[in-house]
Amino acid sequence: MFGWKKKIDDLMAQLRPDLSRESLGVGPDFPGVAPNPLLSSDARKRKAELRTGALALGVLVDWREVGSDGSPRVVLMFDVETADGISFRGIADEDLTITELTRLAPGQTLPVRYRPAVMDHYVALARDADPAHVRQLSDEIASRKRT
């Protein structure tokens, strides 16, 4: 029981070096990518919290396909900018359709949600975001960069 989580993280890094903290561009506090988020209570809880998280904008840096049971499971890496001016590397663990997967392009800006109280690098695509709110957030971030 002691240290089992670290052993799983080390095993994941050995099995999938492309999903290591260094490869994803996150720090040592990043909890890691769940091997199977359906079996992980932490991953299910995190996904539920992210659905109601704060809105931010993420510029897609890269992605890694993790599995393809049904729809492809993909880890997306974003450079995230929040309304408060905070920037960080965000990681989204998403199930995408084939159509969504083929439309991914580095440099693409997408709305994401994050948990400001946690700040653990996890984000989720904000598929439900109001386009007017996203545009307003984009304008806020752009005006801050100009000043």
Side-chain angles (χ1 to χ4, degrees), residues 5-6 8-10 12-13 15-147:
K5 183 124 175 99
K6 181 166 175 23
I8 288 176
D9 291 342
D10 292 342
M12 276 300 289
L15 292 173
R16 292 291 307 266
D18 59 327
L19 296 177
S20 70
R21 289 174 178 86
E22 295 79 25
S23 178
L24 295 173
V26 295
D29 294 334
F30 179 63
V33 175
N36 185 343
L38 299 175
L39 297 178
S40 168
S41 62
D42 288 342
R44 288 192 310 272
K45 180 183 173 199
R46 179 177 56 248
K47 264 201 185 290
E49 290 174 355
L50 283 168
R51 278 190 217 111
T52 60
L55 191 63
L57 293 180
V59 176
L60 185 63
V61 175
D62 199 2
W63 65 92
R64 311 267 195 279
E65 192 166 342
V66 180
S68 58
D69 300 332
S71 57
R73 180 173 163 225
V74 181
V75 173
L76 305 164
M77 291 165 281
F78 292 99
D79 284 336
V80 178
E81 182 100 20
T82 71
D84 300 333
I86 299 168
S87 298
F88 64 95
R89 172 63 52 93
I91 305 295
D93 189 343
E94 299 282 344
D95 292 321
L96 302 178
T97 66
I98 296 296
T99 304
E100 290 171 321
L101 188 60
T102 59
R103 291 182 179 161
L104 291 178
Q108 201 172 14
T109 300
L110 299 167
V112 296
R113 294 198 182 279
Y114 72 105
R115 300 176 297 170
V118 180
M119 294 302 290
D120 60 358
H121 296 281
Y122 283 112
V123 298
L125 291 176
R127 298 168 194 245
D128 64 334
D130 175 25
H133 192 198
V134 172
R135 202 169 18 263
Q136 178 186 5
L137 177 61
S138 179
D139 292 344
E140 281 178 43
I141 291 170
S143 70
R144 189 175 50 245
K145 287 183 178 180
R146 281 192 292 258
T147 57

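What you are looking at is a predicted structure, and each value in this text was computed from that prediction instead of being measured. The analysis underlying the following values was restricted to heavy atoms, covering all of them including side chains, and did not include hydrogens, waters or symmetry mates.
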Kindly say whether I86 contributes a backbone atom to a donor-acceptor pair with the side chain of D84 at under 3.5 angstrom?
no
Flag, side chain of E49 to backbone of R46, donor-acceptor distance under 3.5 Å:
no
Identify the two heavy atoms, one from [X] and one from [Y], that lie closest to each other, and give their separation to 0.1 Å.
X    : Y    : answer
E81  : S87  : OE1-OG, 3.1 Å
P111 : L57  : CA-CD2, 4.2 Å
M119 : P116 : CG-O, 3.2 Å
A129 : L55  : CB-CD1, 3.9 Å
P72  : I98  : CG-CD1, 3.6 Å
P106 : V61  : CB-O, 3.9 Å

Under the criterion side-chain contact (heavy atoms from CB on, under 4.5 Å), I'd like the reasoning laid out for V80 against V123: C-alpha separation, chi angles, the key distance, then a yes or no.
CA-CA 9 Å; V80 178; V123 298; 4.1 Å; yes
What distance do I141 atom CD1 and T82 atom OG1 have between them, rounded to the nearest 0.5 Å?
7.0 Å
Does any part of the side chain of R89, heavy atoms only, come nearer than 4.5 Å to the side chain of F78, both counted from C-beta?
no
Between L50 and R115, is any pair of side-chain heavy atoms under 4.5 Å apart?
yes
With R127 via side-chain hydrogen bond (donor to acceptor under 3.5 Å, both in side chains) - residues at least two apart:
E94, E100
Residue list, ring-ring contact (aromatic ring centres under 6.0 Å, His included) with Y114, at least two apart or on another chain
F88
Is R64 paired with D62 through a side-chain N to carboxylate O contact shorter than 4.0 Å?
yes
Using the side-chain contact (heavy atoms from CB on, under 4.5 Å) rule, pick out the option among D93, L104, I91 that qualifies with L76.
L104
Candidate pair R113 and D128, rule salt bridge (charged side-chain N to carboxylate O under 4.0 Å, His left out), full reasoning:
CA-CA 10 Å; R113 294 198 182 279; D128 64 334; 3.4 Å; yes
